[in-house]
Structures are given as structure tokens and as C-alpha cells.
Amino acid sequence: MSTKINVLDHLMVPDHQIMSEEEVKALLSRYKITYEQLPRVYHDDPAVKQIGGKVGEVVKIVRISQTAGTAESYRLIIKRPKK
């Protein structure tokens with residue numbers, strides 16, 4: 001018997017959203033950076049798997065912050081290297 005758990009329903013997991021190509025272009029332009037300069041997250045991360053993220057896509061993570069209200073961060077999805 002297997003129980004499916006939605007990790008995004010947990011209080012400690014921030015909101016994860018896959019960004020569109022237009023949003024990614026605007027993000028890279030705004031910060032004057034390239035894809036390679038984005039922080040990374042592995043394709044098998046539970047939250048990334050839950051939203052259906054694929055290698056090469058960018059995920060926007062929105063956290064609740066007591067000082068800033070909301071804090072946004074961005075991650076490039078990469079494949080986990082084989083051991």
C-alpha cells in the first residue's frame with residue numbers, strides 16, 4: 001500500500017512555480033545574468049517533482065518573510081549527477 005504525499009501542502013515548504021520563457025528572459029535581463037549564473041536545484045527534488053519541473057526550466061520560489069513580506073528566489077533545474 002502506497003500513500004501519495006503532496007510536499008507542497010506542508011507548512012515549511014514555500015510555493016514553487018515553473019516560470020514561462022518570457023518570465024525567465026525578463027528575469028535574466030533584469031539582473032543582467034545568464035542561465036549558468038542561476039542557483040540550481042536537482043530534478044529529483046520532491047517539490048520540483050511535485051510541480052512537474054523538467055531539466056532546463058526555472059522555478060520561482062516564493063517564501064513568506066516576516067521582514068520583507070514575501071521573498072522570491074529562482075532556481076535552474078538540473079539533472080543530478082550519477083555517483
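The residues of the chain are indexed from 1 along the displayed sequence.
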With side chains defined as the heavy atoms from C-beta onward, is the minimum distance between Y74 and V24 less than 4.5 Å?
-> no

hydrophobic_cluster_shared for V41 and I78, side chain cutoff 4.5 Å = no

Hey, could you give me the OG/CD distance between S65 and E72, rounded to the nearest 0.5 Å?
-> 12.0 Å

Exercise answer: donor-acceptor pairs, residues 49-56 side-chain atoms, under 3.5 Å, sequence neighbours excluded:
none

Treating Ile, Leu, Val, Met, Phe, Trp and Tyr as nodes and any side-chain heavy-atom pair under 4.5 angstrom as an edge, say whether Y42 and V48 lie in one connected cluster.
-> no

Salt bridge (Lys or Arg N to Asp or Glu O under 4.0 Å), paired with D44, selected from K82, R80, K79 = R80

Could you state the interatomic distance from CD1 (I18) to NZ (K60), rounded to the nearest 0.5 Å?
-> 13.5 Å

Under a 4.5 Å side-chain heavy-atom rule over Ile, Leu, Val, Met, Phe, Trp and Tyr, are V58 and I61 clustered together?
-> no

Under the side-chain contact (heavy atoms from CB on, under 4.5 Å) rule, what do D15 and I64 come out as? Steps first, then yes or no, please.
-> CA-CA 9 Å; D15 182 38; I64 303 299; over 6 Å; no

Trace of the side-chain contact (heavy atoms from CB on, under 4.5 Å) decision for V59 with D45 | CA-CA 12 Å; V59 176; D45 179 277; over 6 Å; no

Do you know which two heavy atoms are closest between V13 and V7, and how far apart they sit?
-> CG2-O, 3.3 Å

Linking I/L/V/M/F/W/Y whenever their side-chain heavy atoms sit closer than 4.5 Å, directly or via other members, would I77 and L8 fall into one cluster?
-> yes

Interatomic distance, R63 atom CZ to M12 atom CE [nearest 0.5 angstrom] | 10.5 Å

More than 12 non-hydrogen atoms from neighbouring residues, nucleotides or ligands closer than 6.0 Å to CD on Q37, yes or no?
-> yes

